[in-house]
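Let me begin by presenting the structure, written as structure tokens, before commenting on it.
Naming: A, B, ... by sequence-line order, numbering from 1 per chain. Just so you know, these numbers come straight off a predicted model, no measurement behind them.
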Amino acid sequence: MDYQFKDIEQKWQQFWAVNGTFKAEDKSNKPKYYVLDMFPYPSGAGLHVGHPLGYIASDIFARYKRLKGFNVLHPMGYDSFGLPAEQYAIQTGQHPAVTTEDNIATYRRQLDQIGFSFDWSREVRTSSPDYYKWTQWIFMQLFNSWYNKDADKAESIASLVAHFEQNGSAGINAVCDEDILTFTAGEWKALSNQEQQVELLKYRLTYLRESTVNWCPALGTVLANDEVKDGFSERGGYPVEQKKMMQWSMRITAYAERLLQGLDTIDWPEPLKEMQRNWIGKSTGASVRFPIDKTTHHSPLTTDYIEVFTTRVDTIFGVTFLVIAPEHELVASLTTPEQKADIDAYIAVTKKKSELDRMADAKTVSGAFTGSYVLNPLNGQQIPIWIADYVLAGYGTGAVMAVPSGDQRDYLFAKHFNLPIVPIIDIQKIDTEADPTKEGTYINSEFMNGLDYKAGTAAVIAKLEAVGAGKAKINFRMRDAIFGRQRYWGEPVPVYFKDGLPYLIEEDHLPLLLPEVDKYLPTESGEPPLARAEGWKHAEGDYELSTMPGWAGSSWYWYRYMDAQNDKEFASPEAIAYWKDVDLYIGGSEHATGHLLYSRFWNKFLKDIGKVGEEEPFKKLINQGMIQGRSNFVYRLVDEEGRGTNTFVSHGLIKEHKTSPLHVDVNIVENEVLNLAKFKQWRPEFADAEFILENGKYICGVEVEKMSKRYYNVVNPDDIAQRYGADTLRMYEMFLGPLEQSKPWNTNGIEGVFKFLRKFWRLFHNDAWEFGVSDAEPSKAELKSLHKIIRKVEEDIERFSFNTSVSSFMIAVNELTDLKSNNRAVLQDMVIILSSYAPHICEELWTLLGNPAGTLSYAPFPKFNAAYLVEDEFAYPISINGKMKMNLNISLSLDVKDIEATVLANADVQKYLDGKTPKKVIVVKGRIVNMVI
RNA sequence: GCUCAGAUGGUGGAACUGGUAGACACGCAGGACUUAAAAUCCUGUUCCCGUAAACGGAGUGCGGGUUCGAUUCCCGCUCUGAGUACCA
């Protein structure tokens with residue numbers, strides 16, 4: 001029979017499902033291997049053609065590892081809490097759970113038809129109560145923990161309380177809020193429970209903090225940053241303002257250093273690690289306190305000094321002014337009456353500037369003088385205080401010491417406002433710009449004069465510490481993560497409030513179920529949707545009204561797959577001890593600073609409290625490239641008055657006509673040739689369309705854009721699976737190019753892959769499409785083809801070069817076709833090797849070959865034997881001055897000298913040499929011969 | 001601006017530690033089969049010179065360099081894509 005992919009694929013997909021072929025065992029003598037995909041958010045649009053790219057790659061890898069004798073865990077699930085379902089609920093009243101359920105069904109159908117080897121018995125959904133029960137449980141563990149810097153790990157809050165009871169706050173080195181109290185054991189015990197709880201909250205790893213949010217009064221809701229465009233809501237275009245709210249936060253900054261160090265231990269793409277490093281943003285320096293000059297400043301102040309952070313504390317004697325952010329809390333009290341007008345005007349201008357303006361304005365210098373001064377803590381020199389918008393309130397202390405001789409921004413500022421520029425290093429060249437050199441020795445720097453960078457820095461820090469004006473400090477750019485959303489469709493926070501303080505609910509009350517509400521909107525008073533739920537109350541007080549953010553459920557899901565049905569624990573210690581960590585994780589790089597950072601954070605925390613064994617969750621990670629859309633265009637002829645006509649001009653002829661381009665559905669275009677009949681049917685107004693053709697065809701224009709419905713360039717994997725089958729889709733997506741490279745989706749070459757599979761099928765069949773193979777001894781040539789592909793596929797899969805193995809398969813099948821091979825032994829091995837790429841056709845052929853009923857998924861991968869590839873001759877390329885001239889067959893047993901003699905003795909070579917004797921002959925055995933003349 | 005990735009035929013791409021540039025596939029052109037079309041098969045296909053073959057020349061974004069030999073290594077530049085936003 002001809003290759004009937006539809007029947008074959010349906011048959012085997014059913015077989016795998018019915019027989020639980022890919023169910024992973026939790027105990028096995030085989031080595032374990034965990035292949036994970038980033039699970040999808042089940043959106044209403046369904047799976048698009050970019051999703052399967054990574055899934056196919058990981059599936060090939062998982063299937064390959066099974067053949068190689070590994071016990072493979074390859075699960076799939078859904079990140080099913082999220083905004084789109086909630087948005088849809090607001091519009092239609094449809095419960096998000098219902099929408100989500102529908103979408104999941106679509107995703108499942110789409111995934112199934114591609115023939116993935118997922119172990120569906122372990123499916124997880126983050127929105128399912130038996131899953132989010134454990135997300136809530138982890139939240140509770142975080143609430144009950146603090147970070148001990150001395151032990152460099154999270155510890156139980158009970159241990160902190162015990163310490164307070166014994167020793168008071170002395171000897172505690174914690175990552176915590178800034179405003180902690182200092183107390184003795186006696187004082188601690190004297191505090192009321194309420195006061196103790198207030199204090200403990202400053203230490204907990206999840207805690208309440210006042211944070212700024214984008215508040216949209218018209219919509220009555222909080223918006224994410226990307227929902228706000230230029231100060232207006234993307235939806236509706238209502239004004240958005242900054243509002244302070246008490247929000248749950250996660251003390252991820254406690255793990256900053258470990259998150260940074262851990263990057264060196266994992267096999268991830270370097271650009272991705274770099275993104276995380278930049279996000280964490282460690283800088284080593286010092287904090288310095290500049291006392292405010294009271295002789296020039298007389299209005300009352302809340303503080304005596306301004307604290308700055310600097311990475312170049314060694315330049316402290318070059319400080320000629322201080323700059324604080326316009327939003328800095330001291331601005332108002334530092335401003336003298338004479339300067340008030342200037343300062344107010346500057347602040348007003350800054351406020352008006354959008355972030356875009358501030359970016360575009362990066363080169364213009366602006367600022368204003370407050371009229372006040374600080375003193376250099378080391379020599380008492382008077383230093384003016386300025387404000388400028390290049391200093392950010394949100395980073396460091398919102399204040400910088402300006403050293404115009406060493407920092408270009410400070411230099412420009414000083415030039416602009418005529419402030420002094422003091423060189424502090426002997427070799428500094430500061431005539432036209434700042435010189436940030438660390439070479440040379442210090443000048444104009446009192447006790448540091450003559451010292452070099454290293455000694456100078458140490459001396460300054462020692463001096464600052466001695467006078468109590470500063471200390472060495474490490475600063476991180478990363479902020480604590482906000483962990484609350486004023487939304488409905490998320491995990492409820494397992495907390496109730498009593499006397500304004502948060503308390504955890506009892507563990508045996510988990511899961512705290514998401515309640516029903518009448519509407520998915522905030523209340524009239526602006527409270528989150530959960531405030532609408534009736535009886536949403538704990539016996540002791542009101543429940544928290546916000547829900548957890550989208551990243552909560554995805555920050556630990558890989559553990560749930562290890563033991564997905566467990567109702568006693570998030571996963572059993574045995575399952576975790578066996579599966580340990582993810583060996584291979586495939587997904588997009590857009591999760592670099594979100595999901596991948598939070599997951600590492602939670603993993604480290606779970607390790608600290610002894611629940612998991614590994615410091616890092618994802619040993620190896622591969623980024624699949626983004627699939628872009630590839631739009632096609634038709635060109636509508638425009639008449640004299642500029643109106644569109646019903647005539648369309650082929651792309652090659654548009655220079656000769658006046659036309660306007662129009663997106664056309666890529667699904668009615670093949671190899672840039674428009675299907676005219678389908679175009680006329682596409683939309684009613686084109687039913688009578690006329691065409692100006694070139695060579696009898698209508699050629700469309702092409703452009704790469706985002707894949708989106710409005711560009712008509714969305715390609716649905718279903719259509720391709722219908723037309724060519726899943727095996728072709730799988731192989732074609734791999735054939736498209738390197739996995740990690742971003743590329744536009746393009747079906748132009750898919751026929752070639754389909755033809756290849758038919759050709760493979762035909763190897764097993766005669767001209768009448770009857771199955772038949774020979775039991776003869778394989779020939780040398782057949783074995784050579786076979787073992788070449790065995791080696792190639794092993795090498796390619798191990799380095800994730802799937803596109804090149806598809807090519808190699810084509811070469812092997814072409815060779816075997818030329819050899820007219822139908823040898824059972826050879827073809828049987830071919831079936832196994834190809835099966836991870838094209839599983840359906842291979843299962844079918846495996847059965848036809850007469851193997852015992854069942855699957856080939858666990859057959860042993862053929863062993864490579866180098867002996868079949870040994871050659872005794874090699875066609876040496878003979879080049880002269882590096883230019884290849886000819887090939888010459890020479891025995892590989894000859895050594896270098898004999899090869900040289902053979903080459904020089906050859907008549908054709910002599911012809912090229914034209915009577916000359918080469919000055920030099922380079923012979924690389926088995927590679928090349930090069931002669932220099 | 002900074003960081004990272006990339007640039008190879010008409011197209012997607014291959015060439016793994018410096019060693020025959022363009023594998024494999026698409027497209028295109030010509031041919032076979034067919035009444036015809038589809039399907040299938042065969043041949044050709046980097047560019048230039050040359051009627052054709054032999055032969056010759058150029059050629060991996062641009063300009064240099066190292067080397068017997070560079071798509072690969074080094075220096076400088078151009079362009080494209082992604083991320084980031086004055087980080088003190």
Side-chain angles (χ1 to χ4, degrees), chain A residues 2 269-275 277-279 281-283 285 308-313 315 323 325 355-356 358-359 361-363 388-392 394-403 406-410 412 475-477 589-590 592-593 623 625-626 628 630 670-673 695 702 704 732 735-738 740-753 755-756 758-759 762 792 795-796 799 801 803-814 875-887 918-924 926-933:
Chain A
D2 196 352
E270 205 45 51
L272 192 76
K273 288 193 193 180
E274 204 52 36
M275 271 160 89
R277 282 193 195 105
N278 291 340
W279 185 264
K282 179 180 181 176
S283 50
V308 305
F309 174 75
T310 175
T311 54
R312 288 297 301 275
V313 70
T315 62
V323 187
E355 213 146 290
L356 261 164
R358 259 166 99 155
M359 262 154 56
D361 252 11
K363 295 236 159 61
D389 63 6
Y390 78 79
V391 175
L392 307 174
Y395 181 76
T397 59
V400 302
M401 58 179 228
V403 183
D407 181 284
Q408 184 59 20
R409 249 176 357 210
D410 298 345
L412 291 173
N475 221 25
F476 291 98
R477 196 187 80 113
S589 60
E590 65 271 21
T593 49
N623 281 137
M626 269 212 316
Q628 295 144 302
R630 193 171 182 283
E670 202 159 329
N671 284 316
E672 305 351 323
V673 178
N695 304 325
V702 181
V704 174
Y732 183 64
F735 190 56
L736 215 49
E740 306 201 21
Q741 195 174 300
S742 285
K743 54 218 157 209
W745 176 258
N746 170 359
T747 26
N748 284 357
I750 197 163
E751 293 279 349
V753 173
K755 276 192 236 169
F756 155 76
R758 263 190 95 196
K759 211 166 169 181
R762 210 161 47 200
K792 179 72 175 154
E795 282 174 2
D796 284 352
R799 65 191 173 104
S801 176
N803 57 325
T804 50
S805 26
V806 176
S807 303
S808 308
F809 279 125
M810 290 174 172
I811 294 171
V813 167
N814 288 346
Y876 279 89
I878 309 296
S879 47
I880 292 171
N881 293 338
K883 290 259 175 231
M884 213 278 279
K885 295 293 176 189
M886 58 178 284
N887 284 99
K919 284 187 214 131
K920 197 170 172 187
V921 180
I922 293 107
V923 177
V924 184
R927 285 246 187 221
I928 201 168
V929 177
N930 189 21
M931 286 174 285
V932 188
I933 55 173

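Taking the nucleotide of RNA chain B with the nearest heavy atom to each of Ser742(A) and Met810(A), the more 5' of the two is matched to Ser742(A). Mapping Pro877(A) and Gln741(A) onto RNA chain B by nearest heavy atom places Gln741(A) closer to the 5' end of the strand.
Closest to the side chain of Arg927(A), out of C87(B), C68(B), G19(B), is G19(B). Of all nucleotides listed (G12(B), C86(B), G56(B)), G56(B) comes nearest to the side chain of Lys885(A). Candidate nucleotides U20(B), A88(B), A14(B) were compared by shortest atom distance to the side chain of Asn803(A), and A14(B) ranks first. Closest to the side chain of Thr804(A), from the set A15(B), U3(B), C86(B), is A15(B). The side chain of Arg799(A) sits closest to C16(B) out of C24(B), C87(B), C16(B). Nearest nucleotide to the side chain of Leu392(A), out of C86(B), A39(B), U20(B): C86(B). When the nucleotides G19(B), A25(B), A88(B) are ranked by their closest atom to the side chain of Asn930(A), G19(B) comes out on top. The side chain of Thr311(A) lies closest to A88(B) when the candidates are C87(B), G83(B), A88(B).
With sequence neighbours excluded, no residue forms a side-chain hydrogen bond (donor to acceptor under 3.5 Å, both in side chains) with Ser808(A). In this structure, Arg409(A) has no side-chain hydrogen bond (donor to acceptor under 3.5 Å, both in side chains) partners at least two apart in sequence or on a different chain. Not a single side-chain hydrogen bond (donor to acceptor under 3.5 Å, both in side chains) links Lys755(A) to another residue, sequence neighbours left out. For Trp279(A), there are no ring pair (Phe, Tyr, Trp, His ring centres under 6.0 Å) partners at least two apart in sequence or on another chain. Partners of Glu274(A) by side-chain hydrogen bond (donor to acceptor under 3.5 Å, both in side chains), not counting sequence neighbours, listed by chain and number: Arg277(A).
In this entry the distance linking NZ of Lys282(A) with C1' of A88(B) reads 18 Å, nearest Å. At whole-Å resolution of the value, CD1 in Ile811(A) and P in A23(B) are 10 Å apart.
Remark: Asn623(A) is not in phosphate contact with A5(B), judged by side-chain N or O atoms under 4.0 Å from OP1 or OP2. A close approach under 4.0 Å does occur between a side-chain nitrogen or oxygen of Arg762(A) and OP1 or OP2 of C41(B). Considering only side-chain N and O atoms, Lys755(A) lies under 4.0 angstrom from the phosphate OP1 or OP2 of C26(B).
Base orientation for G9(B): syn, the chi torsion being within 90° of 0.
Comparing A58(B) with A23(B), their C1' atoms are spaced 22 Å from each other, to the whole Å. C74(B) sits 24 Å from U80(B) when the P atoms are compared, rounded to a whole Å. Spacing between U66(B) and A14(B) at atom P, rounded to whole Å, works out to 31 Å.
Base pairing in RNA chain B gives the following stems of 3 or more Watson-Crick or G-U pairs, range against range and under 3.5 Å: B:1-7 with B:78-84, B:10-12 with B:24-26, B:27-32 with B:40-45, B:46-48 with B:56-58, B:61-65 with B:73-77.
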